[in-house]
Amino acid sequence: MIKLKNRNANPAPAPPLAAHGPDGAERATFAAGCFWGVEAAFRQVHGVLQTAAGYTGGHVADPTYQRVCRHRTGHAEAVEVWFDPAQVSYAQLLQTFWQIHNPTTRNRQGLDFGSQYRSAIFCHDAGQMEAAIASRDAEQRSLRRHIVTQITPASAFYRAEEYHQRYLEKHGHSACAATIR
């Protein structure tokens with residue numbers, strides 16, 4: 001189970017993401033099951049400046065939660081993370097990614113089933129691609145089961161509906177599902 005400390009009992013709404021993100025920030029995008037827990041986990045990482053729950057990796061423009069759940073968009077529930085590389089490295093974000101979910105289950109995390117819950121790393125440049133592959137290979141050495149995480153170039157990211165943003169924080173929860181490795 002993912003346990004997260006409640007940093008703020010009454011968090012402010014998540015700010016909208018500018019197309020370029022905060023000044024000096026770099027972007028990373030991860031899918032690791034239900035985006036509520038994934039977003040909450042990355043918000044706990046020192047150096048993460050901004051996050052957004054959303055959809056990516058599919059073939060439909062402007063998807064909605066309902067359409068993604070019907071499995072007709074090809075999108076994954078994902079989290080876009082803007083981070084300060086002077087405070088946290090992409091490699092450290094990859095370590096968090098591997099720790100918060102089971103990368104050996106295809107289209108499933110805990111009790112959530114479907115392709116929108118797949119494990120994926122969406123890379124924004126060649127450096128991220130190289131780091132993600134090296135990180136996956138290192139993680140595989142510590143696991144018995146085969147990692148099924150997709151590592152692919154990033155595509156358009158569509159911010160999810162506002163009620164999904166910082167969902168666990170807004171509702172006072174510290175976790176959303178059990179992940180068993």
Side-chain angles (χ1 to χ4, degrees), residues 2 11-45 47-85 87-98 100-101 103 106-107 109 112 114-133 135-136 148-170 176:
I2 301 169
L17 288 178
H20 55 78
D23 288 341
E26 293 183 16
R27 177 173 44 176
T29 306
F30 302 101
C34 172
F35 49 29
W36 297 344
V38 177
E39 181 184 30
F42 280 106
R43 289 186 67 76
Q44 298 297 315
V45 176
V48 168
L49 306 174
Q50 216 168 10
T51 60
Y55 316 107
T56 194
H59 55 271
V60 173
D62 301 315
T64 64
Y65 182 70
Q66 291 74 22
R67 289 186 75 196
V68 170
C69 289
R70 287 187 198 119
H71 311 287
R72 294 193 177 130
T73 68
H75 288 290
E77 288 191 17
V79 174
E80 189 167 69
V81 176
W82 288 91
F83 64 100
D84 178 351
Q87 295 181 52
V88 63
S89 68
Y90 184 69
Q92 289 169 305
L93 295 178
L94 287 165
Q95 289 174 345
T96 298
F97 171 79
W98 298 119
I100 63 173
H101 81 298
R106 187 172 311 282
N107 299 333
Q109 288 300 313
D112 294 326
S115 62
Q116 77 268 31
Y117 300 116
R118 67 186 179 267
S119 174
I121 302 169
F122 299 94
C123 302
H124 294 274
D125 59 36
Q128 284 189 358
M129 180 71 72
E130 184 178 315
I133 291 168
S135 177
R136 179 206 54 208
V148 297
T149 302
Q150 295 174 338
I151 300 175
T152 186
S155 56
F157 181 86
Y158 300 95
R159 186 179 167 97
E161 297 81 354
E162 189 57 36
Y163 70 91
H164 289 297
Q165 306 305 322
R166 295 174 73 171
Y167 183 89
L168 294 179
E169 290 178 54
K170 289 176 185 175
C176 66

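Basis for what follows: all heavy atoms, side chains included, without hydrogens, waters or symmetry-related copies. We number each residue from 1, following the sequence as shown. Model, not experiment: these values are computed from the prediction.
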Inset, instruction - Determine, step by step, whether Thr73 and Arg67 satisfy the side-chain hydrogen bond (donor to acceptor under 3.5 Å, both in side chains) criterion, reporting the C-alpha distance in whole Å, the side-chain angles of both residues, the deciding distance to 0.1 Å, and the verdict. - result: CA-CA 7 Å; Thr73 68; Arg67 289 186 75 196; over 6 Å; no
Hey, what do you get for [atom1] ([X]) to [atom2] ([Y]), rounding to the nearest 0.5 Å?
X	Y	atom1	atom2	answer
Tyr90	Asp125	OH	CG	8.0 Å
Ile133	Thr149	CD1	OG1	12.0 Å
Gln50	Arg27	CD	CZ	11.5 Å
Gln95	Ile100	CD	CD1	12.5 Å

Inset, instruction - Look at the aromatic rings of Tyr55 and Phe35 and report parallel, tilted or perpendicular, splitting at 30° and 60°. - result: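 Tilted: the ring planes of Tyr55 and Phe35 meet at 30° to 60°.
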Looking at [X] and [Y], what are the two nearest heavy atoms and their distance?
X	Y	result
Leu93	Phe83	CD1-CD2, 3.4 Å
Ser115	Asn107	CA-OD1, 3.4 Å
Phe157	Ala53	CZ-C, 3.8 Å
Gly24	Pro85	O-CD, 3.5 Å
Phe122	Ala31	CE1-CB, 3.9 Å

Inset, instruction - Test Leu94 against Ile121 for side-chain contact (heavy atoms from CB on, under 4.5 Å), laying out the working first. - result: CA-CA 9 Å; Leu94 287 165; Ile121 302 169; 3.8 Å; yes
Side-chain donor/acceptor of [X] to backbone N/O of [Y], under 3.5 Å:
X	Y	value
His75	Gly58	yes
Gln165	Glu162	no
Glu130	Ala126	no
Gln109	Arg118	no
His164	Tyr65	no
Thr56	Ala156	yes

Inset, instruction - Apply the test side-chain hydrogen bond (donor to acceptor under 3.5 Å, both in side chains) to residues Gln116 and His71: give CA-CA distance (whole Å), side-chain angles for both, the deciding distance (0.1 Å), then the verdict. - result: CA-CA 7 Å; Gln116 77 268 31; His71 311 287; 3.2 Å; yes
With a 4.5 Å limit on heavy-atom distance, are the side chains of [X] and [Y] in contact?
X	Y	value
His101	Val38	no
Thr64	Glu161	yes
Ser135	Trp98	yes
Ser119	Pro103	yes
Tyr117	Asp112	yes
Met129	Ile151	yes
Glu26	Trp82	no

Inset, instruction - State yes or no: are the ring centers of Phe42 and Phe97 separated by less than 6.0 Å? - result: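 Not close enough - the centres of the two rings lie 6.0 Å or further apart.
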